[in-house]
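These values consider heavy atoms only, across backbone and side chains, with no hydrogens, waters or symmetry-generated copies. Positions are given from 1 along the sequence.
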Amino acid sequence: MKKEEVVLELLIGLTAVGALLAGGALFAFSSFVMTALRSVDAHSAITSMQAMNVEAPRSALMLPLVGSAVTAIAAAVWASISRPEGWVLALVGCVGVLAAFAVTVIYHVPRNDAFASVGTADEASWTAYAAGWTMWNHVRVGLYLASGIVLAVSAVLPAIRTVDVAQ
């Protein structure tokens with residue numbers, strides 16, 4: 001493999017790792033954090049979620065969320081231009097990462113921003129927020145995890161083909 005091909009595979013692999021990290025973190029949030037918040041009174045749940053929404057954009061979670069979106073753009077363009085085989089798989093994985101990031105930007109960020117002004121005793125707002133937020137978070141999780149797997153396969157495929165040819 002040429003040096004440029006190795007760098008592309010590393011970029012695709014890095015995007016896969018970012019997608020899998022983001023998907024795993026968001027899965028944990030959907031699977032037990034939201035469940036725990038729904039088990040407490042509305043005041044506690046709203047106060048906790050509002051605090052998490054303040055901290056989330058400042059957290060290390062932004063690295064795989066934003067990082068995988070940036071590397072997905074670069075990897076999609078590069079693979080589409082320079083990869084003679086397997087570019088479609090890389091492109092599909094990158095589009096999935098970008099779709100997951102789009103769900104964050106289009107749905108979660110505005111919803112979280114609007115939720116910041118909800119009164120801490122507004123049980124109806126909490127119930128509606130939690131249901132929609134969790135459902136769309138499951139969509140993000142699915143997109144990130146599926147895309148991460150597709151990208152991981154895409155990253156190792158050229159190396160596997162090189163080994164098969166060498167034998």
request  = For the pair Asn137 and Arg140, evaluate side-chain contact (heavy atoms from CB on, under 4.5 Å) and give the outcome as yes or no after the intermediate values.
outcome  = CA-CA 5 Å; Asn137 197 55; Arg140 283 194 297 187; 2.6 Å; yes
note = Smallest heavy-atom separation, Ala155 atom then Gly13 atom, equals CB-N, 3.9 Å
request  = Scan for salt bridge (Lys or Arg N to Asp or Glu O under 4.0 Å) pairs involving residues 62-84, sequence neighbours excluded, and state none if there are none.
outcome  = Glu9-Arg83
task = Please identify each residue that fulfils side-chain contact (heavy atoms from CB on, under 4.5 Å) with Glu123, with sequence neighbours left out.
result = Ala42, Thr127
message = Tell me which pairs pass salt bridge (Lys or Arg N to Asp or Glu O under 4.0 Å) where either residue lies in residues 108-122, with sequence neighbours left out.
response = none
request  = Under the side-chain contact (heavy atoms from CB on, under 4.5 Å) rule, collect the residues that match up with Val40, sequence neighbours excluded.
outcome  = Ser44, Ala45
query = Atom CD1 of Ile12 and atom CG of Leu89: how far apart are they, to the nearest 0.5 Å?
reply = 8.5 Å
request  = Would you please name every residue forming a side-chain contact (heavy atoms from CB on, under 4.5 Å) with Arg38, sequence neighbours left out?
outcome  = Met34, Thr35, Trp126, Ala130, Thr134
query = What is the distance from atom CG of Leu37 to atom CE of Met49, rounded to the nearest 0.5 Å?
reply = 7.0 Å
message = Applying a strict under-4.5 Å side-chain criterion to I, L, V, M, F, W and Y, I'd like to know whether Val97 and Trp136 cluster together.
response = no
ask   = If every non-hydrogen atom of Ala75 is compared with every non-hydrogen atom of Cys94, which pair is closest and at what distance?
value = CB-SG, 3.8 Å
ask   = Can Phe101 be reached from Val70 by stepping across I, L, V, M, F, W or Y side chains whose heavy atoms are under 4.5 Å apart?
value = yes
request  = Grab the two heavy atoms, one from Ser30 and one from His138, that are nearest each other, plus how far apart they are.
outcome  = CB-CE1, 3.4 Å
ask   = With hydrophobic residues grouped by side-chain heavy-atom distances under 4.5 Å, do Phe27 and Leu151 end up in a single group?
value = yes
request  = Return the set of residues passing side-chain contact (heavy atoms from CB on, under 4.5 Å) with Ser82 (not counting sequence neighbours), or none when no residue passes.
outcome  = Leu8, Trp78
Partner set under ring pair (Phe, Tyr, Trp, His ring centres under 6.0 Å) for Trp87, not counting sequence neighbours = none
query = Which pair of heavy atoms, one from Ala76 and one from Leu91, lies closest together, and at what distance?
reply = CB-CD1, 3.7 Å
inquiry  = Tell me if a side-chain donor or acceptor on Gln50 pairs with a main-chain N or O of Asn112 at a distance below 3.5 Å.
reply    = no
query = Linking I/L/V/M/F/W/Y whenever any side-chain heavy atoms sit under 4.5 Å apart, do Leu11 and Val66 land together?
reply = yes
inquiry  = Does anything in residues 18-29 form a side chain to side chain donor-acceptor pair (under 3.5 Å)? List the pairs, not counting sequence neighbours.
reply    = none
ask   = Hydrophobic cluster mates of Leu21, side-chain heavy atoms under 4.5 angstrom, ILVMFWY only, any path?
value = Val17
inquiry  = How close do Ala16 and Gly148 get, counting heavy atoms only, and between which atoms?
reply    = CB-O, 3.5 Å
query = Can you list every pair that meets salt bridge (Lys or Arg N to Asp or Glu O under 4.0 Å) and has a residue in residues 43-60, with sequence neighbours left out?
reply = Glu55-Arg58
ask   = So how far is it from Leu98 CG to Ser147 OG, rounded to the nearest 0.5 Å?
value = 8.5 Å
request  = Identify whether Val150 and Tyr144 are in the same connected component of the hydrophobic contact network (ILVMFWY, side-chain heavy atoms under 4.5 Å).
outcome  = no
task = Provide the full list of ring pair (Phe, Tyr, Trp, His ring centres under 6.0 Å) pairs with a residue in residues 29-67, sequence neighbours left out, each pair given once.
result = Phe29-Trp133
task = Identify the heavy atoms of Leu20 and Leu145 that sit nearest to each other, and give their distance.
result = CD2-O, 3.8 Å
inquiry  = Give me each pair satisfying salt bridge (Lys or Arg N to Asp or Glu O under 4.0 Å) with a member in residues 95-107, each pair once, sequence neighbours excluded.
reply    = none
